[in-house]
Amino acid sequence: MSEMAFEGSGPSQESGRAQKHEVRLAPPRLERANRTQVVLHPSDLESLLAEDHRARAVWDFVAGLDLSDFYSRIGSREGGAGRAAIDPAILLCLWLYAVVDGVGSARAISRLCDTHDAYRWICGGVSVHHDTLSAFRNERPAEIDALLTQIVAALMAEGLVGLERVAQDGLKVRASAGAASFRRRPKLESCLAQAKERVEALRKEIADDPSATERRQKERALAQAKRRQERVKKALAAHEQQAAKKSPKEREKARASTSDDEARVMKMGDGGFRPAFNGQFATDTASQVIVGVEVVQAGNDAGLMPPMIEQIKQRVGALPGEYLVDGGYNQHDSIDAAAAKGVLVYAPPPEPRPGSTRDPSKPQASDSKAVADWRVRMATPEAQEIYKQRAATAECVNAIARNRGLQRLLVRGQRKVKTIFTLYAIAHDLMRAITLRTMASTA
């Protein structure tokens, strides 16, 4: 009986013991977020960046350039009417720092000018709108191209660029046009007719509608319809140019884009076909400084070597001693043109066709002296060792441009696209100049 009482009373005794020793803890004391409080952080823009920050290096580089061509175009003058213009040095520095930072959109740069310390430091309290950035880039192609010439010439004067050996390669970048925007002539004519009807209908509505608000909306729609009509007209003109280059049987297959009439469908590096532009960089192998830039509509590199050599001569007044290119540039007339200027070409001879026993290093009966010399030269171990520098230079420069955002274009038209490539070349040379000058000062 006592054992049963013990068993029955056990749980109640244990429960009472737990209750007796239970400790009630007070709630934890915490510092909780209060995002409604007003916080003041008094500081000057100069203190935002470290002394060795990249933005300071870019600004110092821009400050050393001659920007007189940019200043001469400014209409606002001291003592005259009009709002003060933004210093072109600020706009140029923003674009170059953005390229190095991997930012390629004017809208993105404008947002960063409000939120990112480096961009705020470059602005120095000046408010910069994305339209101003776009206009600066798109409306000054000649001035921006002259900056590249100025930089290369300065580095050559310092002995940092010698032009003893230059490598050229192409970089195809996706255009700001969809594959569906490429249409054949019947579809383009239909689009043009629809655009004309839309323009006329909007004009009639504006004339009949006295309401100011709706009138403004329709005027904007009319402007948009006119732009659409102009794009289709340009696409038709581009279609005619492409059709003229094809055989009569292939002319019906010619297509042009209603988004960017200057873009062309090209075979890309992954084997696919997409609207693109073919950018060309010529780079000094010793310094890896870009000395020439071009943008073409051709999907291959045939015939692009002589124009680039001539551009280098016009840009810096000197010719490269040796020129390294891949097999896409090794046309005989291009080799002859380079040899006529005293430039030695290093490019792999084409492989013989399957079943042929022809030795590509042996001169052929139809070869000119320059072509025959090129074949013999490329068979030597010395030439093959020199040719290895092509990939280490040109392909490295292309990879850096890709990593800095040159993946897809946000502008339309060959002229604007070339300005984009030139800005990338200037930004690249800027960083190389900083490195080369640092190496020279510590040597």
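For the pair Ala425 and Val293, the tightest heavy-atom approach, listed with the atom from each and the gap, is CB-CG2, 3.5 Å. Heavy atoms only, all atoms of each residue included: His130 and Ser110 are closest at N-OG, 3.7 Å. The shortest non-hydrogen separation linking Ala263 to Ala175 is CB-CB, 3.7 Å. Counting all heavy atoms, side chain and backbone alike, Thr422 lies closest to Asp145 at CG2-CA, 4.0 Å. The two atoms that bring Asn330 and Pro348 nearest to each other are ND2-O, 2.8 Å, heavy atoms only. Closest of all the heavy-atom pairs between Asp326 and Ala347 is O-CB, 4.1 Å.
Salt bridge annotation for Lys388-Glu385: present, with a cationic side-chain nitrogen under 4.0 angstrom from a carboxylate oxygen. Salt bridge Glu143/Arg73: present, at least one basic N to carboxylate O contact under 4.0 Å. The residues Asp270 and Arg274 are annotated as salt-bridged, a charged nitrogen and a carboxylate oxygen being separated by less than 4.0 angstrom. The pair Glu395-Arg390 meets the salt-bridge criterion, with a side-chain N (NZ, NE, NH1 or NH2) lying under 4.0 Å from an Asp/Glu carboxylate O. Look at Glu46 and Arg56 and you find a salt bridge, because one of the NZ, NE, NH1 or NH2 atoms lies within 4.0 Å of a carboxylate O, short of that distance.
Residues Glu294 and Asn278 bring no donor and acceptor atom of their side chains to less than 3.5 Å of each other. With 3.5 Å as the limit, one finds no donor-acceptor pair spanning the side chains of Ser134 and Asp131. With hydrogens and angles left out, the side-chain atoms of Asp69 and Ser72 include no donor and acceptor closer than 3.5 Å. Donor-acceptor pairing under 3.5 Å is recorded for the side chains of Tyr329 and Gln280.
To the nearest 0.5 Å, atom CD of residue Gln384 and atom OH of residue Tyr346 are 11.5 Å apart. Between the NE2 atom of His129 and the CD1 atom of Ile86 there is a distance of 10.5 Å, given to the nearest 0.5 Å. We find the CZ-OG1 distance between Arg165 and Thr393 to be 9.5 Å, quoted to the nearest 0.5 Å. In this structure, the separation between NE2 on His428 and CG on Leu406 is 12.5 Å, given to the nearest 0.5 Å. Put simply, CD1 on Ile312 and CD on Gln168 are 7.5 Å apart, with the number rounded to the nearest 0.5 Å. Taking CZ of Arg120 as the reference point, atom SG of Cys113 lies at 10.5 Å (rounded to 0.5 Å).
When the shell of 6.0 Å around CZ of Arg402 is examined, it contains more than 12 heavy atoms from other residues, nucleotides or ligands. For Glu31, the CD atom counts as loosely surrounded, since its 6.0 Å shell holds 12 or fewer non-hydrogen atoms of other residues, nucleotides or ligands. Atom CZ of Arg54 sits in a sparse spot, with 12 or fewer heavy atoms from other residues, nucleotides or ligands closer than 6.0 Å. By the neighbour-count criterion of 12 heavy atoms within 6.0 Å, atom NZ of Lys172 is densely surrounded, having more than that number from other residues, nucleotides or ligands.
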For this session: Would you please test Glu158 and Arg437 for salt bridge (Lys or Arg N to Asp or Glu O under 4.0 Å) and show each step?
Result: CA-CA 9 Å; Glu158 295 176 32; Arg437 286 169 176 168; 2.7 Å; yes
Exercise. Can you check side chain to side chain contact (heavy atoms under 4.5 Å, CB included) on Asp60 and Ile434, steps first, answer last?
Worked result: CA-CA 10 Å; Asp60 291 341; Ile434 293 173; over 6 Å; no
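Contact of the Leu430 side chain with the Leu96 side chain is registered, since non-hydrogen atoms from C-beta on lie closer than 4.5 Å. Using a 4.5 Å cut-off on side-chain heavy atoms (C-beta onward), Arg137 and Leu423 make contact. Put simply, the side chain of Ser287 does not reach to within 4.5 Å of the side chain of Leu160, judged on heavy atoms. At least one side-chain heavy atom of Leu67 sits less than 4.5 Å from a side-chain heavy atom of Leu147. Within the 4.5 Å cutoff, the side chain of Cys123 has heavy atoms near those of the Leu94 side chain. Counting heavy atoms from C-beta outward, Ile90 and Asp87 have side chains that approach closer than 4.5 Å. For the pair Phe277 and Glu262, the minimum side-chain heavy-atom distance is below 4.5 Å. By the 4.5 Å heavy-atom criterion applied to side chains, Thr419 and Asn138 are not counted as neighbours.
Between Tyr97 and the options Tyr119, Phe61, Trp59, a ring-ring contact (aromatic ring centres under 6.0 Å, His included) holds for only Tyr119. Residue Val291 is tested with Leu155, Thr283, Leu163 for a side chain to side chain contact (heavy atoms under 4.5 Å, CB included); the sole match is Leu163.
At least one donor-acceptor pair under 3.5 Å links the side chain of Thr442 to the backbone N or O of Thr438. Counting only distance, with no hydrogens or angles, the side chain of Arg415 and the backbone of Arg412 share no donor-acceptor pair below 3.5 Å. Proximity of a side-chain donor or acceptor of Tyr424 to a complementary backbone N or O of Val100 within less than 3.5 Å is not detected. Side-chain N or O atoms of Arg408 include none that pairs as donor or acceptor with a backbone N or O of Gly405 at under 3.5 Å. In terms of modelled atom types and a separation under 3.5 Å, the side chain of Glu322 and the main chain of Ala167 share no donor-acceptor contact.
Using the six-membered ring where Trp is involved, Phe70 and Phe136 have ring planes that are parallel, under 30° apart on the 30 and 60° scheme.
A ring-centre distance under 6.0 Å is found for Phe281 and Phe421.
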